[in-house]
Undergrad: 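Okay, here's the structure, questions in a sec.
Chain A is the first sequence line, chain B the second, and so forth, proteins listed ahead of strands; every chain is numbered from 1.
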There are 2 protein chains.
Amino acid sequence: MFITEIAKTGSIVNTSDRLFVSSPAISLAISSLEEELGVKIFERSRNGLEPTEIGKKLIIAAQEILNQIEKFKQEAKSDSSEIEETLSISAVQSLCRSIIPKTSAVLKAKFPKITLQIKEAHPS
Amino acid sequence: MFITEIAKTGSIVNTSDRLFVSSPAISLAISSLEEELGVKIFERSRNGLEPTEIGKKLIIAAQEILNQIEKFKQEAKSDSSEIEETLSISAVQSLCRSIIPKTSAVLKAKFPKITLQIKEAHPS
DNA sequence: TCAAGTTACGGCGTTCGTAACTATT
DNA sequence: AATAGTTACGAACGCCGTAACTTGA
């Protein structure tokens, strides 16, 4: 669904920069979509792409699809984030300074309600 | 998006038959989705799959995505089908009885408003 | 001549199907 | 034993990136 982004940025190159996808990939994706639908979505020009009349309608419809997908993800996220647990972690000092901070950041992002108890252990 | 179909048919096997996709492919797709989202969508049992609570919500959200996609396609179709042309075709008798009917059926499906003028030609 | 888009092509990842395995009744 | 789901694995398809080409100001 590059078409919504192209509509916003005005060109394939800008979209390429913004989404970190190469111009040829985007160009081909658009062409393929147009051929599949039998509809020209954009007018190509020297400095960018401009939606056709039907293109504008399709871009709106595409944006609605993306919104629904976002809703879907949020729905799932709101559930998995309902996990409320207390996770106790013991680790030697070196680990406390290195991987533990990264790990806990990831966990906090996925399960906002989690409680982390980190305890420094003494190697035997 | 196999999850909506599974919700309707009640099992992977039925979905497999209905969508002409193998059971393992569907099974793996569901597992992957569940892992990606960090959410269990179905309870597995001897005779089929039943949605969990969050699964039901996700299935509804997924169905809305599919509906939006259908809208998108319809939008495109309604445009390409606005082509009103008269297409004249001449062909020798043998062709008139063979490929022409198939071809015109395809054209009529894609461009409902098209007019076909088929004329039998006489080989020189 | 420069900037944007397109075409060509090779590589990689995803997804699929077949086959074999597990589990539940 | 039979049926539904899962795991393993090899193959096919699609999508992407690099490079080269085309086009319009």
Side-chain angles (χ1 to χ4, degrees), chain A residues 1-56 58-59 61-63 65-66 68-70 72-73 76 80, chain B residues 1-56 58-59 61-63 65-66 68-70 72-73 76 80:
Chain A
M1 288 297 196
F2 294 123
I3 63 176
T4 58
E5 201 61 29
I6 293 183
K8 290 172 190 166
T9 67
S11 77
I12 289 181
V13 198
N14 290 339
T15 304
S16 174
D17 292 343
R18 201 168 179 306
L19 300 185
F20 306 103
V21 177
S22 72
S23 317
I26 297 175
S27 173
L28 190 63
I30 304 298
S31 304
S32 304
L33 180 62
E34 290 180 325
E35 187 173 2
E36 181 184 340
L37 298 177
V39 162
K40 196 196 291 183
I41 302 176
F42 293 100
E43 290 293 344
R44 276 74 166 173
S45 84
R46 174 76 181 75
N47 40 348
L49 277 70
E50 192 175 0
T52 61
E53 280 310 306
I54 179 65
K56 290 175 186 172
L58 288 176
I59 289 160
Q63 187 60 58
I65 294 174
L66 296 180
Q68 291 291 349
I69 292 175
E70 200 52 39
F72 180 89
K73 290 180 183 171
S80 72
Chain B
M1 289 296 196
F2 293 124
I3 63 176
T4 57
E5 201 61 30
I6 293 183
K8 290 172 190 164
T9 67
S11 77
I12 290 181
V13 196
N14 290 340
T15 303
S16 174
D17 292 342
R18 202 170 178 305
L19 301 184
F20 306 103
V21 177
S22 72
S23 319
I26 297 175
S27 174
L28 189 63
I30 303 298
S31 303
S32 304
L33 180 63
E34 288 179 326
E35 187 173 3
E36 180 184 341
L37 298 176
V39 162
K40 196 196 291 182
I41 303 176
F42 293 101
E43 290 293 345
R44 278 72 166 174
S45 82
R46 174 72 183 77
N47 38 351
L49 277 69
E50 192 175 1
T52 60
E53 279 310 307
I54 179 64
K56 290 176 187 172
L58 288 175
I59 288 161
Q63 186 59 58
I65 294 174
L66 296 180
Q68 292 289 350
I69 292 176
E70 199 51 40
F72 181 89
K73 289 180 183 172
S80 72

Undergrad: From dG17(D), dG5(C), dT6(C), pick the nucleotide closest to the side chain of Leu49(A)?
TA: dG5(C)
Undergrad: If you find the nucleotide of DNA chain D closest to Gly10(B) and the one closest to Ser23(A), which residue's nucleotide is nearer the 5' end?
TA: Gly10(B)
Undergrad: Of the nucleotides dC16(C), dG17(D), dT7(C), which has the atom closest to the Val21(B) side chain?
TA: dC16(C)
Undergrad: Sort out for me which residue in Thr15(A), Thr4(A), Asn14(A) forms a side-chain hydrogen bond (donor to acceptor under 3.5 Å, both in side chains) with Thr9(A).
TA: Thr15(A)
Undergrad: With respect to the side chain of Pro24(B), which nucleotide from dA8(D), dT18(D), dC16(D) is positioned closest?
TA: dA8(D)
Undergrad: Whole angstrom is fine here: how far is it from CG in Asn47(B) over to C1' in dT24(C)?
TA: 10 Å
Undergrad: Roughly, in whole Å, what's the span from CG in Leu28(A) to P in dA20(D)?
TA: 19 Å
Undergrad: According to a strict under-4.0 Å criterion, is Ser27(A) in side-chain N/O contact with OP1 or OP2 of dT6(C)?
TA: yes
Undergrad: How close or far is atom C1' of dT15(C) from atom CZ of Phe20(B), stated in whole angstroms?
TA: 19 Å
Undergrad: Phe42(A) near the nucleic acid: base, sugar-phosphate alone, or nothing, with a heavy-atom cut-off under 4.0 Å?
TA: nothing
Undergrad: Measure the distance from CD1 on Ile12(A) to P on dC16(D) and round it to the nearest whole Å.
TA: 13 Å
Undergrad: For Arg18(B) and dA4(D), what is the distance between atoms CZ and C1' respectively, to the nearest whole Å?
TA: 19 Å
Undergrad: Report yes if the side chains of Ile59(B) and Phe42(B) come closer than 4.5 Å at any heavy-atom pair, otherwise no.
TA: yes
Undergrad: Donor-acceptor check, side chain of Ser16(A) to backbone of Val21(A), threshold 3.5 angstrom: yes or no?
TA: yes
Undergrad: Just call it for Ser11(B): base, sugar-phosphate, or nothing, with non-hydrogen atoms closer than 4.0 Å on any strand.
TA: sugar-phosphate
Undergrad: Where the side chain of Arg46(B) is defined as all heavy atoms beyond and including C-beta, which of dG5(D), dT25(C), dA3(C) is the nearest nucleotide?
TA: dT25(C)
Undergrad: Would you kindly give the CD1-to-P distance between Ile30(B) and dT7(D), to the nearest whole Å?
TA: 13 Å
Undergrad: Rounded to whole angstrom units, what separation is found between the CZ atom of Phe2(B) and the C1' atom of dT15(C)?
TA: 9 Å
Undergrad: Do Ile30(A) and Arg44(A) come within less than 4.5 Å of each other through their side chains, counting heavy atoms only?
TA: yes
Undergrad: Rounded to the nearest 0.5 Å, what's the gap from CG on Asp17(B) to OG on Ser11(B)? Could you check?
TA: 8.0 Å
Undergrad: Report the distance from atom CG of Asp17(B) to atom P of dT3(D), rounded to the nearest whole Å.
TA: 13 Å
Undergrad: Should Arg44(B) be listed as having a side-chain N or O under 4.0 Å from OP1 or OP2 of dT6(D)?
TA: yes
